[in-house]
Amino acid sequence: MEEDDDEASKDNDEVVGLAMTDRAEEDAHNVAARLLPQQAQWIEEQEHLKRSLVQRDHFLWKYVPGNDIISTVSGDKHVEDNSLHYVGGVDLSFCKEDPSLACGALIVLEMPRLKVVYKDFDIVHLDLPYIPGFLAFRESPVLLELLRKMRMHKPALFPQLLMVDGNGILHPRGFGLASHLGVLADIPTIGIGKNLHHVDGLNDIVVKVLASKYLKKAGDAIDLIGKSGKVLGAALKSKDDCKKPVFVSIGHRISLDSAIDIVRACCMYRLPEPVRQADIESKEYLRKML
DNA sequence: GCGACAG
DNA sequence: ATCTTGTCGC
């Protein structure tokens, strides 16, 4: 008898398209609610990891804005220099049919050419839903595994800096996905948000007003200051003809000014190349898998 | 009470 | 995140 009911309701869902959507949203809502106790524990973990967060430049290489001159010495590949050569980007793409199925991507570009020199992917099944403020618990496992694998098999190209599709300290507790990954992998990271995370009084209205007033041309940036007075990140106009800015924030082991300079140097389109390539390639890899 | 809320 | 068509501009 139970089975009959289940079959009947399943059939209804398939016949009535909207029922499917409602069911999916309801499930996501219920799962998020069921995870409320878990969230208290996650907050503790974020607060704990945050103690290791470094919000200033902490790396051996240097980046000189506007210096596109490649290293000098000709023909000697053994010369060690301390400039920024490899920048990584990570992103996840999801399957529309099965939203729990995702493809994580780690892409590495060589600077200043912005050419892809490494890419790796992993198809994974995600148990946790997306919950604002807790993105790292959903996405970081697969990304950390991709980083670990690369460190083991291709250390020569391992990125000196990682750009993450998600915020760093521009986050309710000042510890978003980019910071989470940075601390756990112990590498410099920059948070790249495509949308503003409404935090500490910041909202789309405020940003829109500031942007129309101060973001005139590509490269222009404004600090995003919460009502607490803290600089949480910056809105950067990455292209002249791009109305919507990209939201840059400190991930780990880098200052906001340095982060903005490097993101500027990586922008051919709205999104900086490392993140854009990770986005494109992860979608393509997932598509070919199906 | 209801809505808002990175990906 | 993903679903989608056209459309404005170089």
*Asks:* Rounding to a whole Å, what distance do you find between A:Phe134:CZ and B:dA4:P?
*Replies:*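 In whole Å, B:dA4 P and A:Phe134 CZ are 19 Å from each other.
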*Asks:* Regarding A:Tyr130, tell me which of base, sugar-phosphate or nothing describes its non-hydrogen contacts under 4.0 Å with the strands shown.
*Replies:*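 Contact class for A:Tyr130: base.
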*Asks:* Is the closest side-chain donor-acceptor distance between A:Ser100 and A:Asp98 under 3.5 Å?
*Replies:*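 There is such a pair between these side chains.
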*Asks:* Select one nucleotide: of C:dT2, B:dA6, B:dG7, the one nearest the side-chain heavy atoms of A:Asn167.
*Replies:*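 Per side-chain heavy atoms of A:Asn167, the pick is B:dA6.
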*Asks:* For A:Gly133, answer base if it contacts any base atom (sugar-phosphate contacts may also be present), sugar-phosphate if it contacts only those atoms, and nothing otherwise; contact means non-hydrogen atoms under 4.0 Å.
*Replies:*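 Counting heavy atoms under 4.0 Å across all strands, the contact made by A:Gly133 includes a base.
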*Asks:* Rounded to the Å, how far apart are A:Leu92 CG and B:dA6 P?
*Replies:*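 Checked: the CG to P distance equals 16 Å.
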*Asks:* Tell me which nucleotide among C:dC3, B:dA6, B:dG7 gets nearest to the side chain of A:Leu177.
*Replies:*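 Closest nucleotide to the A:Leu177 side chain: B:dA6.
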*Asks:* Between C1' on B:dG7 and CD on A:Glu139, what's the gap in Å once rounded to a whole number?
*Replies:*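 A:Glu139 atom CD is separated from B:dG7 atom C1' by 5 Å.
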*Asks:* More than 12 foreign heavy atoms under 6.0 Å from NZ of A:Lys194: is that the case here?
*Replies:*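 Enclosed: over 12 neighbouring heavy atoms sit under 6.0 Å from NZ of A:Lys194.
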*Asks:* Regarding A:Gly176, tell me which of base, sugar-phosphate or nothing describes its non-hydrogen contacts under 4.0 Å with the strands shown.
*Replies:*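 Base contact.
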*Asks:* Let me know the distance between NZ of A:Lys96 and P of B:dG7, rounded to the nearest Å.
*Replies:*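 Checked: the NZ to P distance equals 22 Å.
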*Asks:* Side chain of A:Arg138, heavy atoms from C-beta onward: which of C:dA1, C:dC3, B:dG7 has the nearest atom to it?
*Replies:*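 Taking heavy atoms from C-beta onward, the closest nucleotide is B:dG7.
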*Asks:* For the residue pair A:Asp204 / A:His198, report whether a side-chain donor-acceptor contact shorter than 3.5 Å exists.
*Replies:*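 Yes.
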*Asks:* Could you check which of B:dC5, B:dA6, C:dT2 has an atom nearest any side-chain atom of A:His171?
*Replies:*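 Side chain of A:His171 sits closest to B:dA6.
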*Asks:* Using the ring of each side chain (for Trp, its six-membered ring), is A:Phe121 parallel, tilted or perpendicular to A:Tyr285, with breaks at 30° and 60°?
*Replies:*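 Because their plane-to-plane angle is under 30°, the rings of A:Phe121 and A:Tyr285 count as parallel.
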*Asks:* May I ask you to check whether over 12 heavy atoms, not counting those of A:Ile205, lie within 6.0 Å of atom CD1?
*Replies:*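 Counting neighbours around CD1 of A:Ile205, 12 or fewer heavy atoms of other residues, nucleotides or ligands fall under 6.0 Å, so no.
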*Asks:* Write down the distance between CG (A:Asp200) and C1' (B:dC5), rounded to a whole number of angstrom.
*Replies:*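 One finds 14 Å between C1' of B:dC5 and CG of A:Asp200, rounded.
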*Asks:* Tell me the interatomic distance from A:Asp241, atom CG, to C:dG9, atom P, rounded to whole angstroms.
*Replies:*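 The answer, rounded to whole Å, is 11 Å.
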*Asks:* Picking from C:dT2, B:dC5, B:dA6, which would you name as closest to the side chain of A:Asp204?
*Replies:*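 The nucleotide sitting nearest to the side chain is B:dC5.
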*Asks:* Does A:Phe137 reach a base, just sugar-phosphate, or nothing at all? Heavy atoms under 4.0 Å.
*Replies:*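 No contact.
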*Asks:* Would you mind reading off the distance between A:Lys194 atom NZ and B:dC5 atom C1', rounded to a whole angstrom?
*Replies:*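 It is 15 Å, rounded to the nearest whole Å.
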*Asks:* For A:Asp240 and C:dC10, give me the distance from atom CG to atom P, rounded to whole Å.
*Replies:*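 So the CG-P distance, A:Asp240 to C:dC10, works out to 12 Å.
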*Asks:* Of all the nucleotides listed (B:dA4, B:dG7, B:dA6), which has the minimum atom distance to the side chain of A:His198?
*Replies:*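 The answer is B:dA4.
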*Asks:* Is A:Asn195 near enough to B:dC5 that one of its side-chain N or O atoms lies under 4.0 angstrom from OP1 or OP2?
*Replies:*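 No, outside the criterion.
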